[in-house]
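Okay, so here's the structure we're looking at.
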Amino acid sequence: MENINYLGTEKTGTLLRKFAIPCICSLIISCLYNIVDQIFVGNGVGYLGNAATGVIFPITVIGWGLSLFFGDGAAAVLSVSLGRGRAKDIHQSVGGAILSSFLSGLVVIAIAYLWGDGLLRLIGATDANIQMAHDYGVIIFAMMPFAMTQNTLASIIRADGSPKYAMGAMLIGAIINIIGDPVAIFVLGLGIRGAAWATILGQLVSFLACALYFRHPKTFELSAESFRPKASLLKPVMALGTSSLLTQLSIVVITVINNILLVKYGAQSDYGADIPLAAFVVIMKLFQIVLNVAIGIAAGAQPIVGYNYGAKQYGRVRELLKLMIGWTVVVGLICTALFELLPGVFIRMFGSADDPAYYEFAVSCLRIYLALILFTCVQKVCAIFLQSIGKAQAAAPLSVLRDVLLILFSLLVPTVLGVTGIFWAAPVADVLAILATAVVMIHVWKELSTDNRGSRQTKRYSAKDSATARS
């Protein structure tokens with residue numbers, strides 16, 4: 001097995017670039033599966049097609065959340081255990097997480113298929129898009145167990161010190177999807193079903209690439225025994241993965257509630273029900289791209305933060321937190337400027353801009369909803385940082401704070417402002433969430449600062465400890 005003690009000695013900035021950039025690329029690539037579908041469906045089918053894929057989106061996010069529940073949890077356990085030199089049971093933690101992710105995928109598709117169109121109606125499908133949503137979902141659901149397992153594997157691969165491999169595996173699938181979408185939609189004339197077939201083909205290839213990595217991982221070895229889950233080993237995995245799960249589930253709740261509210265208040269407006277729904281789908285895709293860059297910074301830093309925290313090198317942990325927030329602020333400022341100055345460019349990317357009513361509504365609401373996305377990104381990065389140092393009790397509520405506030409204001413504001421009030425709820429929630437997050441992080445910073453070992457722990461990291469970490 002490979003020695004990864006360099007996580008505790010190499011410059012933090014160098015390590016963050018090495019791990020975060022591939023992780024950012026991986027998450028952006030994963031977004032492309034849905035984003036590319038939106039672009040080609042929007043241009044090949046129309047905004048009703050975008051609305052239909054938006055109906056399926058919450059179900060896929062539930063799968064994503066469950067995969068991160070086990071994947072991010074296992075990654076955090078792996079990193080902290082390596083830092084503490086306790087690597088004996090890591091293989092069973094990893095194996096149990098992989099098996100649990102796959103079985104969760106089977107449960108998701110069983111519910112989706114058995115519930116059928118009733119489920120789609122419940123989460124916002126309309127008479128105009130229900131058939132498209134059905135055609136798209138039936139195909140997408142079939143790959144859920146493997147797509148979820150692939151996402152879990154990618155998190156573990158990054159924590160094992162191979163972020164570039166995880167990125168490459170996801171890139172292969174994305175390229176297949178990008179090529180397959182126009183071929184299936186325009187050449188073969190399969191419409192929205194073609195977009196679904198291209199997506200699951202890419203997911204399958206990415207799964208196979210990730211699975212091959214586990215023939216020779218760096219810091220542990222898998223065997224048949226690894227896949228016999230132990231409750232005592234799965235418990236810390238699930239505790240540390242809860243933050244990721246709640247983050248994704250809150251997205252589902254937000255999407256479902258907003259879908260219902262958009263249909264309700266949209267029907268009472270001049271725009272009708274489908275225009276606000278389609279606009280929200282596009283705006284959420286842009287939101288996801290930016291948020292995934294921020295999450296990529298934090299998730300990329302997770303193995304480094306976890307290792308150094310486990311090794312009690314708190315000075316390096318503080319340095320990493322400053323770098324993570326600094327990078328996130330830069331990304332947030334750039335994206336905010338682009339969204340506020342050039343909203344029409346992003347709306348046109350997803351087609352249907354020739355409809356004046358749709359274009360006007362989408363541009364206006366994009367500016368509103370994404371006005372304070374910088375705050376959202378910083379808040380989520382802080383939650384992942386807490387997850388990385390094993391503070392599950394603080395990470396879990398903080399990860400959903402903004403989303404709970406968003407749901408509350410999404411229900412209240414439109415009663416006064418109508419359909420656009422649903423979009424105004426986001427900046428209001430962002431302000432309150434970042435203030436609460438600042439209070440928590442100041443307390444955590446003081447905790448890290450009061451430990452007198454700080455960064456000097458690096459010098460006292462003995463040869464005996466190094467030998468133990470390699471075991």
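Position 1 is the first residue of the sequence; numbering continues from there. Since this is a predicted model, take the numbers as computed values, not measurements.
The side-chain heavy atoms of Ser104 and Phe70, taken from C-beta on, include a pair separated by under 4.5 Å. Proximity of Trp115 to Leu122: side-chain heavy atoms (C-beta onward) are separated by under 4.5 Å at one or more points. Side-chain atoms of Leu222 and Phe227, non-hydrogen and from C-beta on, do get closer than 4.5 Å to each other. Looking only at side-chain heavy atoms (C-beta outward), Pro163 and Ile21 stay at 4.5 Å or farther from each other. Counting heavy atoms from C-beta on, the side chains of Val329 and Leu374 come closer than 4.5 Å. Taking 4.5 Å as the limit, every side-chain heavy atom of Tyr136 sits out of range of all side-chain heavy atoms of Val55. Looking at Leu201 and Asn177, their side chains never come closer than 4.5 Å, going by heavy atoms from C-beta outward. Put simply, the side chain of Ile422 does not reach to within 4.5 Å of the side chain of Phe280, judged on heavy atoms.
A salt bridge does not link Asp72 to Arg158: none of the charged side-chain nitrogens sits closer than 4.0 Å to a carboxylate oxygen.
A side-chain donor-acceptor contact under 3.5 Å links Ser67 to the backbone of Trp64. Of the possible polar contacts, none joining the Tyr369 side chain to the Ala425 backbone as a donor-acceptor pair under 3.5 Å is found. Side-chain atoms of Gln92 never come within 3.5 Å of backbone atoms of Lys230 as a donor-acceptor pair (strictly under, hydrogens ignored). Counting only distance, with no hydrogens or angles, the side chain of Thr199 and the backbone of Ala195 share a donor-acceptor pair below 3.5 Å. Although no hydrogens or angles enter the test, the distance criterion places a donor-acceptor pair under 3.5 Å between the side chain of Asp160 and the main chain of Lys218. Arg228 contributes no side-chain N or O that, together with a main-chain N or O of Glu225, makes up a donor-acceptor pair within less than 3.5 Å. Looking at Arg367, its side chain does come within 3.5 Å of a backbone N or O of Glu340 through a donor-acceptor pair. With hydrogens and angles ignored, the 3.5 Å screen pairs a side-chain donor or acceptor of Tyr113 with a backbone N or O of Ala142.
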Quick one: do Leu262 and Phe423 satisfy side-chain contact (heavy atoms from CB on, under 4.5 Å)? Show the steps, please. CA-CA 10 Å; Leu262 287 164; Phe423 296 88; 3.7 Å; yes
Apply the test side-chain contact (heavy atoms from CB on, under 4.5 Å) to residues Ser155 and Leu68: give CA-CA distance (whole Å), side-chain angles for both, the deciding distance (0.1 Å), then the verdict. CA-CA 8 Å; Ser155 293; Leu68 292 179; 3.9 Å; yes
Start with the C-alpha distance between Val331 and Cys377, add both sets of side-chain angles, then the distance that settles side-chain contact (heavy atoms from CB on, under 4.5 Å), and finish with yes or no. CA-CA 9 Å; Val331 170; Cys377 292; 5.9 Å; no
Worked verdict on Leu338 versus Phe346 for side-chain contact (heavy atoms from CB on, under 4.5 Å): CA-CA 9 Å; Leu338 290 173; Phe346 297 100; 4.0 Å; yes
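A distance of 9.0 Å separates CD of Glu221 from OG of Ser226, quoted to the nearest 0.5 Å. To the nearest 0.5 Å, the span separating CD on Gln379 from OG1 on Thr437 amounts to 3.5 Å. We find the CZ-CG distance between Phe102 and Leu66 to be 14.0 Å, quoted to the nearest 0.5 Å. One distance of note links CG of Leu291 with CE of Met284; it measures 9.0 Å at 0.5 Å rounding. Here CE of Met441 is found 4.5 Å from CG of Leu321. Values are rounded to the nearest 0.5 Å. Distance check: Leu16 CG to Lys322 NZ gives 13.5 Å after rounding to the nearest 0.5 Å.
Shown here for Ser399 and Lys380, the closest heavy-atom pair between the two residues is O-NZ, 2.6 Å. Heavy atoms only, all atoms of each residue included: Asp403 and Ser250 are closest at OD2-OG, 2.5 Å. Summarising the geometry of Leu372 relative to Pro427, their closest heavy-atom pair is CD1-O, 3.5 Å, with the distance given to 0.1 Å. In this structure, Leu370 and Leu286 approach most closely via the heavy-atom pair CD1-CB, 4.2 Å. For the residue pair Val440 and Leu398, the shortest heavy atom distance occurs at CG2-CD1, 4.3 Å. Here the closest heavy-atom approach between residue Gln387 and residue Ala76 is recorded as O-CB, 4.2 Å.
No hydrogens or angles considered: nothing links the side chains of Gln150 and Ser206 as a donor-acceptor pair under 3.5 Å.
Ring pair Phe214/Phe220 is tilted by interplanar angle, where 30° to 60° counts as tilted. The aromatic rings of Tyr165 and Tyr213 sit tilted, their planes meeting at an angle between 30° and 60°.
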